[in-house]
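This report concerns only the one structure given below.
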Amino acid sequence: MYDGLPLQGTGTLGERLWSGPAVSVVGLDAPAVDDASSSVVPYARARLDLRFHPRQDPIEAQDALVRHLRAQRPFGVPLTVVPGAAGPGFETRTGGPAYRAALTALKEAWGTAATPVASGGSMPLVRAPAAAAPQAEVLLFGAQDSMCKAHAPNERVLLSELRGTVVAMAAFVREYAADYRAGGQQVRPRGPGRGVAVGCGGHRVRP
């Protein structure tokens with residue numbers, strides 16, 4: 001966001017990023033400038049992205065947006081809405097033995113305490129281990145800095161970030177195992193769903 005530019009919609013910037021639903025236009029099709037002519041534009045098409053509460057059913061949220069869009073008739077023009085793929089959200093749990101081990105590991109890897117950062121985003125793969133083991137803690141580690149431009153054509157990965165991620169993952173395994181050997185009651189598996197699922201993708205807790 002550039003300073004001085006207005007925000008569309010309602011709510012603070014924090015609410016738009018973290019605590020509330022949001023709709024973003026991520027794609028737009030219309031006659032290109034190179035092919036434009038002095039005639040009535042026959043069509044326009046847009047792709048929308050909807051972010052909703054992690055505990056909300058994705059189809060329920062999508063249906064609400066579709067109903068709202070279909071009720072609109074901008075300038076009397078009919079609107080065709082085609083629902084796309086929908087994926088569930090995820091809200092991570094903090095405070096468990098795996099989370100504490102991760103904080104220790106991240107501090108060791110980067111030399112400073114990690115700062116929790118709330119972030120809205122879509123990572124449907126997290127829901128699979130969370131659904132299979134509801135009591136497990138789910139952690140994702142990734143090599144990315146604040147200017148990495150994740151998923152963009154010019155995405156970068158710094159060697160220092162890659163090294164830090166490898167060190168953090170190794171330190172995490174050591175810390176988590178040490179807690180288990182020490183007899184941590186929350187770590188010992190007692191039945192289905194106990195334990196930790198660790199993957200490499202992107203970490204929510206950043207130093």
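Remark: N154 CG is packed, more than 12 non-hydrogen atoms of other residues, nucleotides or ligands lying under 6.0 Å away.
Atom OG of S146 is separated from atom CD of E161 by 8.5 Å, given to the nearest 0.5 angstrom. Between T165 atom OG1 and F172 atom CZ the span is 14.0 Å, to the nearest 0.5 Å.
The two residues E175 and A101 come nearest to each other via the heavy atoms CB-CB, 3.8 Å. Taking all atoms of both residues into account, the shortest heavy-atom contact from E108 to A171 is OE1-CB, 3.9 Å. The two residues G164 and A109 come nearest to each other via the heavy atoms O-CB, 3.3 Å.
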**Study point:** side chain to side chain contact (heavy atoms under 4.5 Å, CB included) evaluation trace for D49 with V23
**Key:** CA-CA 6 Å; D49 180 79; V23 178; over 6 Å; no
**Study point:** side chain to side chain contact (heavy atoms under 4.5 Å, CB included) evaluation trace for Q144 with K149
**Key:** CA-CA 9 Å; Q144 60 183 55; K149 299 181 177 67; over 6 Å; no
Practice item. Before giving the answer on side chain to side chain contact (heavy atoms under 4.5 Å, CB included), spell out for R100 and T104 the whole-Å C-alpha distance, their side-chain angles and the decisive distance to 0.1 Å. Key: CA-CA 6 Å; R100 294 193 299 269; T104 300; 5.7 Å; no
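Residues V166 and W110 fall into different hydrophobic clusters, defined by Ile, Leu, Val, Met, Phe, Trp and Tyr side chains chained together at heavy-atom separations under 4.5 Å. V25 and L50 end up in the same hydrophobic cluster when Ile, Leu, Val, Met, Phe, Trp and Tyr side chains are linked at under 4.5 Å. Taking hydrophobic clusters as Ile, Leu, Val, Met, Phe, Trp and Tyr residues chained together by side-chain heavy-atom distances below 4.5 Å, V173 shares a cluster with L139.
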Contacts under 3.5 angstrom, residues 61-69 side chains, donor-acceptor by atom type, not counting sequence neighbours:
{"from": "Q62", "atom 1": "NE2", "to": "G84", "atom 2": "O", "distance (Å)": "2.8"}

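The salt bridge (Lys or Arg N to Asp or Glu O under 4.0 Å) test applied to R55 returns E91, not counting sequence neighbours. By the salt bridge (Lys or Arg N to Asp or Glu O under 4.0 Å) test, R70 is found to be paired with no residue, residues two or more places apart in sequence or in another chain being considered. Residues passing the salt bridge (Lys or Arg N to Asp or Glu O under 4.0 Å) test with R45, sequence neighbours excluded: D29. Remark: R156 pairs with D145 by the salt bridge (Lys or Arg N to Asp or Glu O under 4.0 Å) rule, at least two apart or across chains.
Of the possible polar contacts, one joining the E137 side chain to the Y99 backbone as a donor-acceptor pair under 3.5 Å is found.
The hydrophobic cluster containing V157 also includes L162, under a criterion of side-chain heavy atoms closer than 4.5 Å among ILVMFWY residues, counted directly or through chains of members.
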